[in-house]
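Single-structure report; data block below.
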Amino acid sequence: MSSDEKPDGRPAAPRSLAEALRARDDASLAALLRARPDLVTPVPTDLTQLATRAGTRASVVRALERLDRFALQTAEALAVAGDPASYDELLGLMAGDDGDAAVAAALPHAVGTLREQALVWGGDDRLRLVRTARELLSPSPQHPSPTGLGPTVQEATAGMSPGRIQELVAAAGLPSTHDAVSAAAALTALFTDRERMAKLLGQAPPEAREVLSRLVWGPPYGQVTADPAAHLRWLLDRGLLLPTAPGTVVLPREVALHLRGGRAHRETEAVPPPVEPAGPTGTRQGSPQVVDATAAGQAYTALATVEELLKDWDEGGPAVLRAGGLSVRDLKRTAVALDVSEPVAAFWVELAYAAGLLASDGEADERYAATPAHDEWRERPAADRWAELAGAWLAATRTAGLVGGRDAKDRTLAALGPGLDRSVAPEVRRRVLALLAALPAGTSPDPDSVLARLRWERPLRGPQQEDDLRSRLARWTLQEAELLGITGRGALSSHGRALLGAPEPRATGGTPGIPDTPGDKLPVHHRAAPYGAPAAGPVPPGPADPQAQAAARAAAARLLAPLLPEPLDHVLLQADLTAVAPGPLQRPLADVLDVLADVESKGGATVYRFTPASVRRALDAGRSASDLHAFLAAHSRTPVPQPLAYLIDDVARRHGHLRVGAASAYVRCDDDAVLNEILADKRSAALRLRRLAPTVLAAQADPAALLEGLRALGYAPAAESAEGDVVITRADARRTPPRTPPEPVPEGPPVPDATLLTAAVRAIRAGDLASTAPRKTPGTPPAPGELPRTSPAETLATVQAAVLTGEALWIGYVNADGAASQRVIAPVRVEGGFVTAYDHTADEVRTYPLHRITGVAELADD
């Protein structure tokens with residue numbers, strides 16, 4: 001019979017977490033490393049090191065923070081249970097004396113989750129919470145337990161005098177004992193006996209029962225005076241309240257559990273709260289077609305807004321603050337230009353930055369501008385452009401909702417500035433959209449129920465706060481998804497569902513937010529997992545690898561494309577010098593019209609207004625009057641109005657009549673009467689003009705200021721080069737050097753892929769085989785994890801003997817990088833300072849330099 005088996009042939013109970021991990025199969029180890037990726041960086045040398053790392057405080061805290069509320073409540077109950085505790089004891093703490101069918105059904109999966117994440121080990125008869133988790137969750141005066149329970153009788157009486165303990169035993173009606181330990185055990189037995197405890201409390205004064213009712217759900221500590229009242233004295237004399245410090249008493253854990261009916265928690269939340277529809281039933285439920293149409297309209301608006309933002313920054317956007325980001329003034333100006341609020345403007349700016357469409361130019365006078373990727377993006381179909389924006393938003397860790405807030409140093413957080421990354425943001429966005437995807441198609445959620453569900457899935461440690469980061473991220477997600485057109489009227493659209501990679505919604509039945517599962521009526525979160533098997537937790541929503549994400553974006557674009565309006569190739573010119581675009585315009589038409597006219601109003605139809613300044617802008621860009629007439633005639637469904645034709649001809653007649661160049665600046669004109677008119681105008685005094693020749697004026701202002709000054713006087717000057725040619729200024733000339741979008745900041749170590757998990761599990765198994773192989777080591781055996789040490793002569797002799805006998809050896813080996821490891825090898829031959837052997841840990845034949853072997857030992861016969 002093996003030492004790892006019981007007399008009946010069953011596996012023996014593990015004596016440590018390392019032994020429990022050693023009993024797992026490869027799939028279960030891989031599930032542990034996937035759930036807790038910090039354990040795999042770097043790859044542990046063996047299972048003992050893996051168990052040690054899994055018990056460190058930082059790793060345990062991270063694992064506890066990723067538990068759902070019921071699994072965390074289960075861990076909290078184990079922290080106040082015996083060590084070890086049986087499954088029946090844990091069930092009693094979770095369900096109470098009266099039982100709870102929902103708790104009984106959900107508890108196996110919660111225990112399985114804790115086992116899978118190596119927070120609990122042992123069989124159902126000996127459940128053990130890892131020591132660090134017990135320390136974090138157990139009650140203490142400095143850190144009260146989340147359960148509200150206090151110390152046990154044994155812990156509370158540890159420093160009490162033996163005589164005082166005997167007085168408590170006698171007052172409780174128990175026979176005296178020989179020592180303090182047995183006296184505390186007698187009190188514990190009394191307080192855990194339901195019948196005797198009920199009889200004892202039945203004798204308590206009403207005021208004493210009132211005191212107990214105030215302490216029962218925590219905090220369990222209270223204050224008493226040096227001369228307590230009679231009802232308090234009655235409780236103190238019988239050990240129902242125990243002193244912990246001068247003037248402080250505590251309610252023992254066993255007494256509180258009796259008063260609670262055996263429950264560790266006031267409310268045990270075994271089932272996640274459902275995501276409810278918004279408002280009364282049916283008030284916010286529309287047809288999927290209406291939702292898709294509404295979302296598509298908002299998606300088109302999102303594209304137009306981003307394009308308008310980048311067009312506004314085409315010739316060089318706002319300056320970059322010294323600390324990075326946009327100034328408050330520039331954000332306000334951008335909000336006015338986009339006709340949105342400042343928080344919404346910050347969202348669009350951050351979205352364009354996350355998509356790689358704008359960045360800082362890196363010049364000495366650093367400014368923001370569009371990137372070369374913007375030009376490529378503009379030429380793509382509208383649906384593809386939207387999918388790129390939505391995908392960038394979904395994966396971005398930069399959080400626009402934080403703009404205007406304060407960082408840890410009380411500095412204002414600026415748009416495009418540092419300090420806006422929140423690594424949990426992508427997870428929250430995907431999870432919120434996944435909850436929407438679980439609702440029937442066309443149904444919008446109640447935001448409060450979404451927040452309640454998220455708090456259940458990731459409960460806060462410590463005091464509950466309504467304005468925690470995850471809740472704020474969830475609210476921002478609902479708002480931003482509506483702005484982007486992922487949702488319509490609050491409900492997830494079909495293209496939003498495709499972007500998420502979510503399946504089609506169920507047709508009928510089910511509770512909102514909790515999909516039906518075959519074979520039972522429990523949510524997926526709470527299927528029972530057998531001992532030793534990994535708990536099948538909820539699959540993270542959305543594709544994880546880049547190829548799957550690209551496929552999801554393509555699918556979303558295909559669904560959105562038929563819903564977007566077709567671009568038009570015409571406008572309607574009107575006699576009041578306006579043009580009406582009844583829908584989105586084709587790219588060449590929109591580009592020219594943006595230069596030739598100013599946007600007066602937006603909406604379903606865009607209204608453009610022609611002004612002398614806008615016409616001059618088109619002439620400055622290299623267009624002639626005949627070009628403009630031909631363009632308008634070709635793209636107008638109505639005849640070109642006479643006032644518009646006159647406006648173009650009049651501005652073109654005067655355009656370029658004056659020429660401005662660099663002297664520091666000069667003005668020349670063939671008509672000296674025009675120059676005389678300028679000199680006579682009092683408004684030109686600021687330009688400090690003087691005549692150099694009959695047709696030339698010099699100015700002390702720079703050419704750009706002179707151009708603007710003359711235009712303010714009502715003239716239409718044109719800039720010229722040093723050769724005397726007219727300088728043509730084009731609108732979209734300013735671009736940054738090639739820039740890559742900002743990389744999302746990961747939340748902790750990245751989740752390892754399947755290849756890395758397979759290699760890591762294999763390496764851990766190999767190292768564990770080497771470290772646990774029984775061996776015959778002369779003298780004192782090395783400590784666990786320590787390499788064997790033998791002299792070079794002993795090493796060579798032992799290896800040569802193993803070649804002749806065919807025995808396996810345990811060796812310590814240091815590679816060329818200085819990394820030490822233990823291996824089990826079967827030597828084949830020794831020559832030239834090298835040993836060729838079959839490496840059992842790597843499962844292949846390898847060659848090792850003898851001088852890198854630190855020591856060798858023979859394996860035991862068994």
Side-chain angles (χ1 to χ4, degrees), residues 2-4 14-24 26 29 33 39-56 758-862:
S2 171
S3 60
D4 294 334
R15 294 168 295 180
S16 65
L17 177 59
E19 286 191 11
L21 295 178
R22 197 164 286 123
R24 294 192 180 193
D26 289 351
L29 282 180
L33 298 179
L39 301 181
V40 80
T41 308
V43 177
T45 57
D46 53 33
L47 288 170
T48 300
Q49 188 179 93
L50 176 62
T52 302
R53 192 178 298 174
T56 59
T758 302
V761 170
R762 181 177 178 182
I764 294 171
R765 290 285 193 202
D768 198 60
L769 173 63
S771 63
T772 59
R775 46 203 175 252
K776 295 183 288 186
T777 305
T780 304
E786 183 180 338
L787 299 181
R789 300 288 178 180
T790 56
S791 66
E794 292 174 331
T795 299
L796 179 60
T798 306
V799 171
Q800 288 175 336
V803 171
L804 298 176
T805 61
E807 294 180 350
L809 299 175
W810 172 60
I811 67 170
Y813 181 73
V814 179
N815 64 14
D817 297 327
S821 61
Q822 304 177 44
R823 299 177 179 275
V824 175
I825 65 171
V828 177
R829 64 177 181 273
V830 181
E831 57 184 9
F834 293 87
V835 54
T836 301
Y838 176 78
D839 190 331
H840 289 277
T841 55
D843 198 22
E844 63 183 10
V845 176
R846 291 185 175 181
T847 300
Y848 299 99
L850 280 170
H851 69 277
R852 292 192 177 278
I853 298 178
T854 64
V856 63
E858 299 178 11
L859 298 181
D861 295 337
D862 56 354

From [X] atom [atom1] to [Y] atom [atom2], the distance as rounded to the nearest 0.5 Å:
X    : Y    : atom1 : atom2 : result
F834 : R829 : CZ    : CZ    : 12.0 Å
E831 : T847 : CD    : OG1   : 9.0 Å
L796 : H851 : CG    : NE2   : 14.0 Å
L29  : L47  : CG    : CG    : 6.0 Å

Test log, rule side chain to side chain contact (heavy atoms under 4.5 Å, CB included), inputs V830 and L850: CA-CA 9 Å; V830 181; L850 280 170; 4.0 Å; yes
So, for [X] and [Y], which heavy atoms are closest and what is the spacing to 0.1 Å?
X    : Y    : answer
A808 : V824 : CB-CG1, 4.3 Å
P849 : Y813 : CD-OH, 3.5 Å
G855 : T790 : CA-OG1, 3.1 Å
T48  : R22  : OG1-NH2, 3.4 Å
L809 : P827 : CD1-CG, 3.8 Å

Answer yes or no: is there a side-chain heavy-atom contact under 4.5 Å between V835 and V803? no
Check whether any side-chain heavy atom of T836 lies under 4.5 Å from a side-chain heavy atom of V845, and answer yes or no. yes
Do [X] side-chain atoms and [Y] backbone N/O form a donor-acceptor pair below 3.5 Å?
X    : Y    : value
Q49  : D46  : no
R852 : N815 : yes
R846 : D839 : no

Chi angles and distances behind the side chain to side chain contact (heavy atoms under 4.5 Å, CB included) call for L33, L50: CA-CA 10 Å; L33 298 179; L50 176 62; 4.0 Å; yes
Go through the steps for D26 and R765 under the test side chain to side chain contact (heavy atoms under 4.5 Å, CB included), then give the verdict. CA-CA 9 Å; D26 289 351; R765 290 285 193 202; 2.9 Å; yes
